[in-house]
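Have a look at the structure below, then the notes.
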Amino acid sequence: MSMVYIFNKPWVGVILCQQQLGPHPGLTVQQKYLDAIVAAGAVPVPLVHQLGVDEQSLDAMLARLDGILLTGSYSNMEPHHYGETGEEAHTDKGRDRLSLRLIAAAQTMKMPLFGICRGFQEMVVASGGSLHRRLHETGLFAEHRENKELPLEQQYAPAHSITPVAGGVLARLAGDAELNVNSLHMQGAKSTGPGVQVEATAPDGLVEAISFVNHPFALGVQWHPEWQSRENPLSRALFDGFVAACHDYAGQRSRG
Ligand SMILES: N[C@@H](CCC(=O)NCCCC(=O)O)C(=O)O
């Protein structure tokens with residue numbers, strides 16, 4: 001690895017979300033995702049939705065990135081992406097389009113990929129899986145939504161346990177003992193496609209983490225490790241593992 005690179009930090013593309021800013025459409029990301037990437041020793045790079053419709057610009061951006069973070073979002077994927085019809089109240093077409101292209105590129109380029117909540121769901125769908133659109137109406141699962149009336153500290157507090165699958169990516173990073181995680185989601189994995197390894201489940205059987213097989217680091221988690229990311233050992237292990245994979249990718253890239 002070149003000396004120049006040793007003192008550099010990996011660049012991690014962070015997807016943005018469409019949000020109305022007064023009378024203007026905007027693209028935003030919550031600060032806690034950026035803070036988690038910086039605290040883990042990487043440089044966050046905003047990924048604007050226009051990259052989803054401009055292949056040359058996307059290729060130019062991907063050539064400079066060492067990893068991709070797909071954040072959570074209050075919006076939901078459009079159901080046609082996983083073979084369903086009907087509407088979702090709050091969607092983000094530009095995010096869907098870019099995220100699916102980023103996941104495909106990360107798979108092809110073996111670029112490290114870390115999906116959180118909606119990002120996890122995008123990884124499930126991109127790899128041929130489908131989603132439960134309203135977990136609370138299925139009668140099959142515990143409550144996985146947060147109470148938005150509560151203070152954030154309580155919304156992002158541990159809500160249920162997960163059991164990492166022995167021998168998986170998550171178990172390698174965090175051990176295979178039961179862990180407690182927060183839960184702020186209405187939708188969840190209904191099925192997973194080929195090439196996906198289930199990495200953890202909740203006590204009610206809901207898939208809570210996946211990885212892509214034959215990929216050095218492509219991990220999606222349904223919970224929120226970016227929340228107070230350095231104070232929680234599991235969160236720290238996930239972000240440190242992701243950034244370490246980005247360092248490895250960057251080193252390979254610099255060697256050509
Ligand atoms: N809308 C989807 C995904 C939920 C999600 O990402 N929630 C987090 C929003 C706030 C944050 O990013 O911390 C669903 O409801 O399943």
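Whatever order the structure lists them in is the order used to number ligands and atoms, beginning at 1.
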Full working for side-chain hydrogen bond (donor to acceptor under 3.5 Å, both in side chains) between His81 and Glu122:
CA-CA 9 Å; His81 289 297; Glu122 291 161 347; over 6 Å; no
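- Shown in contact with Cys117 at under 4.0 Å from a heavy atom are these atoms of ligand 1, numbered in order with element: 3 (C), 4 (C), 5 (C), 6 (O), 7 (N).
- A centroid separation of 6.0 Å or more is found between the aromatic rings of His136 and Phe141.
- Proximity of Trp227 to ligand 1, defined as any heavy-atom pair under 4.0 Å, is not found for any part of the residue.
- Residues Leu98 and Leu47 come closest through the heavy atom pair CD2-O, 3.7 Å.
- For ligand 1 and Gly72, the ligand atoms under 4.0 Å from any heavy atom of the residue are 6 (O), 12 (O).
- Proximity to Lys32 (heavy-atom distance under 4.0 Å) selects the following atoms of ligand 1: 11 (C), 12 (O), 13 (O).
- Looking only at protein heavy atoms, the nearest one to atom 2 (C) of ligand 1 is Asn76 OD1, 3.2 Å.
- Scanning all protein heavy atoms for the shortest distance to atom 3 (C) of ligand 1 gives Ser73 O, 3.4 Å.
- Assignment of Arg145 to the shell around ligand 1 is not supported, since no heavy atom sits closer than 4.0 Å.
- Ranking the protein heavy atoms by distance from atom 7 (N) of ligand 1 puts Leu184 O, 3.1 Å first.
- Protein heavy atom nearest atom 12 (O) of ligand 1, with residue, atom name and distance: Tyr33 OH, 2.6 Å.
- Judged by distance alone, the side chains of Arg118 and Ser75 do bring a donor and an acceptor atom under 3.5 Å apart.
- Distances from atom 14 (C) of ligand 1 to the heavy atoms of Glu122, His132, Met186 show the closest one on Met186.
- In this structure, the ring of Tyr249 has its center no less than 6.0 angstrom from the ring center of Phe217.
- A donor-acceptor pair shorter than 3.5 Å can be found between the side chains of Thr71 and Arg95.
- Remark: ligand 1 and Ser75 share an N or O pair separated by less than 3.5 Å (distance only, no angle test).
- Every atom of ligand 1 is numbered from 1 in the order shown, and the set under 4.0 Å from a heavy atom of Tyr156 is 10 (C), 11 (C), 13 (O).
- No option in Asp66, Ile37, Leu65, Val43 other than Asp66 meets the side-chain contact (heavy atoms from CB on, under 4.5 Å) test with Cys246.
- Between Phe120 and Val221 the shortest heavy-atom distance is CB-O, 3.3 Å.
- When heavy-atom distances to ligand 1 are checked against a 4.0 Å cut-off, His224 comes that close only through its side chain, counted from C-beta outward.
- For the pair Glu146 and His185, the tightest heavy-atom approach, listed with the atom from each and the gap, is OE1-N, 3.9 Å.
- For atom 16 (O) of ligand 1, the nearest protein heavy atom (residue, atom name, distance) is Gln187 N, 2.8 Å.
- Within the 4.0 Å heavy-atom criterion, the part of Gln30 lying near ligand 1 is the side chain and not the backbone.
- In this structure, His224 and Tyr156 have perpendicular ring planes: the angle between them is above 60°, well past the 30° mark.
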